[in-house]
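Step one of this worksheet: look at the structure below.
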Amino acid sequence: MPDMLVGVNAPTRGAWLRAGISRNGGPLLENEHVVWLQIDAYYADSRGFAGVTTYEGGEVRFHHDVGEPGEDVGRLEPSGAGMVETGVNADGSTFREVWAPLADCEGACGSWRVGTAQIVRVGRHVVHVDDDCGSYFELPADVTA
């Protein structure tokens, strides 16, 4: 289990693969490969947005500072080794996302902002987000720095 912020169940470091999403109370589905990386206050989501995470009470806010504009507001709760995120989108629709931890999160990590791009690395996992899209990469096992 990654390091968590006390009181909000939010990870301070982690690499997560989305196992499914439910919109407006519908069935839990997954039709795309979505990876979310978090290091300290910085995150990147392979769907094409990245920025800073803030915490207010039990709520987590993902500010979209790079890529797709917006802001997600939700709550995170542990569920076994994974996590469940529930919240409301800017348009008022609701969501429930189930996240499973990715292996190989040890080692180097960080977040970098270069021009209009943000890159987050957690261990072997890298997400790059710019104005056009988000991309997920897994580094080879022999890359440690």
Side-chain angles (χ1 to χ4, degrees), residues 2-5 8-79 82-145:
D3 297 333
M4 303 291 270
L5 286 175
V8 291
N9 295 322
T12 57
R13 176 186 174 133
W16 303 91
L17 175 65
R18 191 174 73 184
I21 184 168
S22 168
R23 298 191 184 280
N24 296 316
L28 191 65
L29 304 171
E30 187 54 73
N31 59 3
E32 62 182 311
H33 186 88
V34 176
V35 173
W36 156 39
L37 301 181
Q38 183 80 40
I39 183 64
D40 298 324
Y42 304 97
Y43 79 93
D45 189 301
S46 65
R47 289 173 282 187
F49 51 91
V52 176
T53 308
T54 60
Y55 311 94
E56 298 174 22
E59 289 186 337
V60 179
R61 292 181 180 270
F62 295 95
H63 305 275
H64 299 201
D65 299 330
V66 175
E68 180 184 312
E71 179 178 277
D72 298 322
V73 180
R75 293 186 176 276
L76 294 166
E77 294 295 331
S79 178
M83 217 175 339
V84 175
E85 177 185 5
T86 56
V88 179
N89 293 305
D91 65 3
S93 62
T94 62
F95 65 89
R96 178 177 173 263
E97 292 179 284
V98 176
W99 297 94
L102 289 168
D104 301 320
C105 293
E106 302 77 26
C109 63
S111 178
W112 301 268
R113 181 83 54 94
V114 180
T116 61
Q118 183 165 325
I119 301 102
V120 175
R121 177 180 177 186
V122 177
R124 290 178 49 195
H125 307 282
V126 178
V127 172
H128 169 273
V129 177
D130 59 32
D131 288 341
D132 295 323
C133 67
S135 302
Y136 166 69
F137 306 94
E138 187 171 345
L139 299 171
D142 61 348
V143 175
T144 59

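These numbers were taken from a predicted model, which means no experiment stands behind them.
- Remark: the backbone N or O of G48 is not paired with any side-chain donor or acceptor of D45 at under 3.5 angstrom.
- T94 contributes atom OG1, which lies 8.0 Å from atom CG of N89 (distance to the nearest 0.5 angstrom).
- Counting all heavy atoms, side chain and backbone alike, R13 lies closest to C109 at NH1-SG, 3.2 Å.
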Steps toward salt bridge (Lys or Arg N to Asp or Glu O under 4.0 Å) verdict (E56, R61):
CA-CA 8 Å; E56 298 174 22; R61 292 181 180 270; 3.3 Å; yes
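- Annotation: side chain of E77 is not in contact with side chain of M83 (no heavy-atom distance under 4.5 Å).
- The main-chain N or O of G14 is never found under 3.5 Å from a side-chain atom of Q38 such that the two would form a donor-acceptor pair.
- The closest side-chain heavy-atom distance from L102 to L17 is below 4.5 Å.
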How far apart are the C-alpha atoms of H33 and S46, what are their side-chain angles, what is the distance that settles it, and do they pass the side-chain hydrogen bond (donor to acceptor under 3.5 Å, both in side chains) test?
CA-CA 8 Å; H33 186 88; S46 65; over 6 Å; no
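- Taking both residues in full, the closest heavy atoms of R121 and W112 are given as CB-CZ3, 3.8 Å, listed atom of the first, atom of the second, then distance.
- Annotation: the span from E97 atom CD to W16 atom CH2 amounts to 13.0 Å, rounded to 0.5 Å.
- Closest approach of A15 and H125 over heavy atoms only: CB-CD2, 3.7 Å.
- Every residue two or more places apart in sequence or in another chain was checked for a ring-ring contact (aromatic ring centres under 6.0 Å, His included) with F95, and none qualifies.
- Contact detail for S135 and C133: the closest heavy-atom pair is OG-SG, 4.0 Å.
- Looking at L29 and R23, their side chains never come closer than 4.5 Å, going by heavy atoms from C-beta outward.
- With hydrogens and angles ignored, the 3.5 Å screen pairs a side-chain donor or acceptor of R124 with a backbone N or O of L139.
- Between F62 and Y43, the two ring planes are perpendicular [angle over 60°; tilted spans 30° to 60°].
- Here the OG1 atom belonging to T12 is positioned 6.5 Å from the CG atom belonging to D40, to the nearest 0.5 angstrom.
- In terms of heavy atoms, L28 sits closest to G20 at CD1-C, 3.4 Å.
- Rounded to the nearest 0.5 angstrom, I119 CD1 and L37 CG are separated by 12.0 Å.
- Residues W36 and R18 have side chains not in contact (no heavy-atom distance under 4.5 Å, counting atoms from C-beta outward).
- The environment of Y42 atom OH is sparse: at most 12 non-hydrogen atoms of other residues, nucleotides or ligands sit within 6.0 angstrom.
- In this structure, CD in E85 is found 11.5 Å from CZ in R96, a value given to the nearest 0.5 Å.
- Heavy-atom minimum distance, V127 versus V129: CG1-CG2, 3.9 Å.
- Of the residues listed (T54, D72, T53), the one engaging H63 in a side chain to side chain donor-acceptor pair (under 3.5 Å) is T54, and it is the only one.
- Other residues, nucleotides and ligands contribute more than 12 heavy atoms inside 6.0 Å of the CZ atom of R113.
- Taking CD1 of I21 as the reference point, atom CD of E30 lies at 7.5 Å (rounded to 0.5 Å).
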